[in-house]
Amino acid sequence: MLDHEYTTKDVFRENFFKDWRKEMTSEERSIIKDLNKCDFGEMNAMHKAKVEARKYMTKEEKQTLKDANQKIVDEFGYCLLDHHKERIGNFKIEPPGLFRGRGEHPKRGMLKKRIQPEDVIINCSKESNIPVPPAGHHWKEVRHDNTVTWLASWTENIQGSIKYIMLNANSKLKGEKDWEKYEVARKLKTCVDDIRYQYNQDLKSKQMSTRQRAVALYFIDKLALRAGNEKEEGETADTVGCCSLRVEHITLHDKLDGDEYVVEFDFLGKDSIRYYNKVPVIKKAFKNLKLFMENKEPGDDLFDHLTTQKLNKHLSSLMAGLTAKVFRTYNASITLQQQLKELTNKMILSYNRANRAVAILCNHQRAPPKTFEQSMANLQAKIDTRKEQLALAKSELKQAKKEAKSKDNSDPKALVERKKAAVKRCEDQLLKMELQATDREENKQIALGTSKLNYLDPRISVAWCKKFGVPLEKIYNKSQRDKFAWAIDMTEEDFEF
DNA sequence: AGCGTAACTTAGGAAGAAATAC
DNA sequence: GTATTTCTTCCTAAGTTACGCT
């Protein structure tokens, strides 16, 4: 709690203190004037003690707690949609707390207020059992809108945005949407060559806006960048996507490390995750970028004649349902399929390799685990131990061979065979551990989950599993199998994305 | 045509649970 | 059995896009 990095940030502290003072009585306000003089040590200790106590609960106590939680899920975690009982994704209202925006968010630390029934809109069908508000309270509104999928909503006080209660990913509704998403991406596959040809032509257009659109599309396609909507300054962290790139985010190199026309990207994207990449691009795109940057300041928009609306409008004219993000889905899925074809080694590690290629493409990063260095060192130590064992086993084998020749042992060959097997076993284990070490090292900063869950057509993975007899459980855990139930049902081993 | 907002998907970190090491 | 590591779930912030309004 107190030891979190947030508490050391000035913006967080200032925002918190300002909002806290608003909550104080006038008497408190006259006493508590300086956050630096406040000591939350006692509260922190209490919180820590609670966490500690949880750890040392008996099995029975833990079970009691679990049962109580399950009861809550059973009662509130489901709804009836089109006569089907469906799991709700987030059925609990968000509790009050201090806002934890990502990156340099100007609002971090602000007080996120408690939501009252009076703030909540209920959306259900007229003839359903309308949920009863807590005693003495009423809902903000009860409506019956069957054109939307949310069950309840409220407006959050930090950004003024609407929050929704919606169905779980394993629901029929979400599954159908997911399927549709991948079908649109597959449709793009059939016309992507034409679209690429088109934007290549557009790079030479006389219209500035067309040229900018073409370069942006080239980036979105080649690098899987996000669309990049405009953001209100001062309301959120300063992050960008393709269309909102500024001059300061790219550096042009006529030549770099033996490549020509290299663009160096360095910007903060969604969730303030850094995108850093040096990419050789086609000459036409490069020349255009030079042109776009002429007479501009570092803080100016690179694509000043382009918005995501214009881009998406153009895309939808090329293919029904086509938007910028479809390229991310398409490129992610097609990359997985290609990689799986190339990595013929039908092992889970090669699947992870393919998955990783996609995660790198989409720039899905994670903070290296806190214990990463330590656990890597531990693994290395195990490898070293095994190496010693291998050396020992080898010398024993040598000895055994020698003895088999010199002495008339009753069964000299058996001993040699045994020692040989021991060497083999050692070598296998060593190889396995070294592979694991490589895998882990390569995964240090890469998050595989996001692409698996949101970008990779599950039918590719299901087909791959069937084709090579890999159990699906090796690829997808329980909740992932639930989410992708639609794909598991329908996919044969010859599925082509 | 441009803009604001509602609705929905995508995202990484924290917390909790399970597996594995010691 | 206990400690540590790894996997899974939960949480909610932060994006994208469609749509209605002017």
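All chains are named by letter (A, B, ...) in the order of the sequence lines, taking the proteins before the strands, and each is independently numbered beginning at 1.
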For [X] and [Y], which I'm curious about, is there any donor-acceptor pair between the side chains at under 3.5 Å?
X: A/D194; Y: A/Q198; answer: no
X: A/Y455; Y: A/R328; answer: yes
X: A/D74; Y: A/Q70; answer: yes

Practice task
Cation-pi check, A/K85 to A/Y78: give yes when NZ or CZ is under 6.0 Å from the six-membered ring centre and within 45° of the ring axis, no otherwise.
Solution key: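 Yes.
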If you compare every side-chain N and O of [X] against the phosphate oxygens of [N] (OP1, OP2), does one of them come in below 4.0 Å?
X: A/H4; N: B/dA14; answer: yes
X: A/R100; N: B/dG12; answer: no
X: A/Y164; N: B/dT9; answer: no

Practice task
Would you check if A/Y164 and A/W154 make a side-chain contact, meaning some heavy-atom pair closer than 4.5 Å?
Solution key: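 No; the side chains remain at least 4.5 Å from each other.
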Handout entry: Test item: A/L151 and A/M166 side chains (from C-beta on) under 4.5 Å apart, heavy atoms
Key = no
Practice task
Compare the minimum distances between each of B/dA11, B/dG13, B/dA7 and the side chain of A/T450, then state the nucleotide with the smallest one.
Solution key: B/dA11
Give every pair of a protein N or O atom and an N or O atom of nucleotides 20-22 of chain B that lie under 3.5 Å apart, one pair per line with the distance.
none

Exercise for the section: Please find the earliest and latest nucleotides of DNA chain C, in the 5' to 3' direction, that have an atom within less than 4.0 Å of any heavy atom of chain A. Expected result: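 For DNA chain C, the relevant span reads C/dT5 to C/dA18.
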Exercise for the section: Verify the ring-centre separation between A/F12 and A/F99: is it less than 6.0 angstrom? Expected result: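 No.
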Handout entry: Pair A/W464 + A/F497: ring centers closer than 6.0 Å
Key =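 No, they do not, as the ring centres are separated by 6.0 Å or more.
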Practice task
With DNA chain C as reference, determine whether A/G89 or A/T239 sits nearer its 5' end, using the nearest nucleotide of each.
Solution key: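 Between the two, 5'-proximity favours A/G89.
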